[in-house]
Amino acid sequence: MLDLRLLRAEPERVRTELMRRGSTDDLDRVLELDRRAREVRTRVESVRAERGRITKEIGQAKRVGRDSDDLQTAARALGDALVAEEAALREREAARDELLLGLPNLAEPEAPAGGEDDAVTVRVVGTQPLFDFAPKDHLEIGLLLGGIDMEQAAKISGARFAYLMGPLVRLQIALVGFAVDLLEARGFTPVVPPVLVREEAMFGTGFFPTDRASIYALADDDLYLVGTSEVPLAGLGYEKILDADQLPLRYAGISTCFRREAGAAGRDTRGIFRVHQFDKIEMFSFSDADGSSAEHLRILGVQEEILTQLGLHYRVQDIAVGDLGASAARKFDCEAWMPGQDRFREVTSCSNCTDYQARRLNCRIRTDAGTRFVHTLNGTAVAVGRTLIALLETHQRADGSVSVPEVLQRYGAPAELELA
RNA sequence: GGAGGGGUGGCAGAGCGGUCGAAUGCGGCGGUCUCGAAAACCGUUUCGGGCUUUAGGGUCCGACGGGGGUUCAAAUCCCCCCUCCUCCGCCA
């Protein structure tokens, strides 16, 4: 959520900023609704003040045993007059807030202009793996290894589900162990969070109302399956005033993630690249306003460290403003080379949400000048499914067997994955 | 799932229709005292919002888990929800 006071004080600046992201329609309506809401609020509050004065007088009269019927009549009249005004106030403020909630965050000035196709490549790391045979894609390899069964998953759960089996489970466990060790060494406290959350958490992180269609909802309970542990990790700061001295607070969430993939019909239908359920380790930081850009780069650094240690060829993309999620002010994606697709595909993503989520979550620190919203940041450490794809395809051999990076062997993975 | 008891400021804890944004204690901050410190003593100490302001403030409204209701008036009475605790049942 944007700062309403900023909208009032510098509407032109906000308009220019929102123009970069392609949407200014609601801004003027928010300002107009706000003006109208405050108009009523001023009236309502002065009537309430008047009634309060009379009510106090009644109390005094009662104590002395004096008659107060006239005062009571006057107070009742004021109260009756308030009913309609208060309803109007609620209505106008609700209308204003609903639109305000839908406005996206202001982008960092450095974020590239444009949309989906306008991401700027920051750097390319490693070299493209070369094969003296036609490289297979991860599904072929997975089948040869006996590590993936999607046909049977389709029968019991539907499209975009998979059984991960045998050697790939070993690989996942090693990946998780490796990542948790590295993250803890970088100051991130490991967390296994709730994956079912209330709608407040979804609003607080900005997934509602914008991305409601991508979230699974339970039919019989008012709970939602998280699409990322970013949601419950952000929830650690919900309605809280944090200790400023303890920032940045860093957490690494380990969870299964659930996504409906509505609107992605027909896209990436092969294999486990885009599925409804996957496991992910996610970094999340609560930072102060001054430190968030540095924290963002720090998170990106950890992501690159992981990809490098896994022996993957990747590039870093600076995402253009038009392609940012509602909460993000700046976003970097790491795209790993996937030989089976012969191109770079997203494996991690990290966003600086500045104070946008914090304002919705009401997560603050106390300063000499009062309370201030923190900044929140999130970034993928390991998205298991997509990382497996990159690993299998990058380290494959002609017969379909796969060599395993040394770091993962240290965490219990076999030196190579043999054909089933 | 059943029965009962709680949710009040950073924490503990009183208040149970009006003078209560809230006693008291602890903690925090400022000061007195001291060479310095401790102790003692004095003062101060919630958050959100409207209006206003020569920018330090002034003024008013709202908030006692959340929402609704009764009343001239609700922390206090009634209803619903959330949540914590105790006991019973069930369970990895």
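Residue numbers start from 1 in every chain, and the chains themselves are labelled A, B, ... in the order their sequence lines are given, proteins ahead of strands.
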Starting from the 5' end of RNA chain B, give me the residue, A:Leu4 or A:Ala49, whose nearest nucleotide shows up first. A:Leu4
Closest nucleotide of RNA chain B for A:Arg5 versus for A:Gln60: which of these residues is on the 5' side? A:Gln60
A:Arg76 side chain: which of B:G50, B:C47, B:C72 is closest? B:C72
Measuring from the side chain of A:Arg364 (C-beta onward, heavy atoms only), which nucleotide among B:C72, B:G50, B:G48 has the closest atom? B:G48
Test of ring centre spacing under 6.0 Å for A:Phe161 and A:Tyr163: no
Walk me through whether A:Phe208 and A:Tyr224 qualify under ring pair (Phe, Tyr, Trp, His ring centres under 6.0 Å). CA-CA 11 Å; A:Phe208 284 4; A:Tyr224 302 86; 5.1 Å; yes
Using purine N1 to pyrimidine N3 plus N6-O4 or O6-N4 for Watson-Crick, or N1-O2 and O6-N3 for G-U wobble, both under 3.5 Å, which nucleotide pairs with [N]?
N	result
B:U59	B:G50
B:C16	none
B:A3	B:U86
B:U34	none
B:G10	B:C26

Compare side-chain N and O positions of [X] against OP1 and OP2 of [N] and report whether any pair is under 4.0 Å apart.
X	N	value
A:Arg198	B:U83	yes
A:Thr371	B:G48	yes
A:Arg41	B:G50	no
A:Arg43	B:C51	no
A:Arg48	B:A63	no

Using atom types as modelled and distance alone, determine if a side-chain donor or acceptor of A:Arg41 lies under 3.5 Å from a backbone N or O of A:Glu93. no
Can you confirm whether more than 12 heavy atoms, excluding those of A:Asp290, are under 6.0 Å from its CG atom? yes
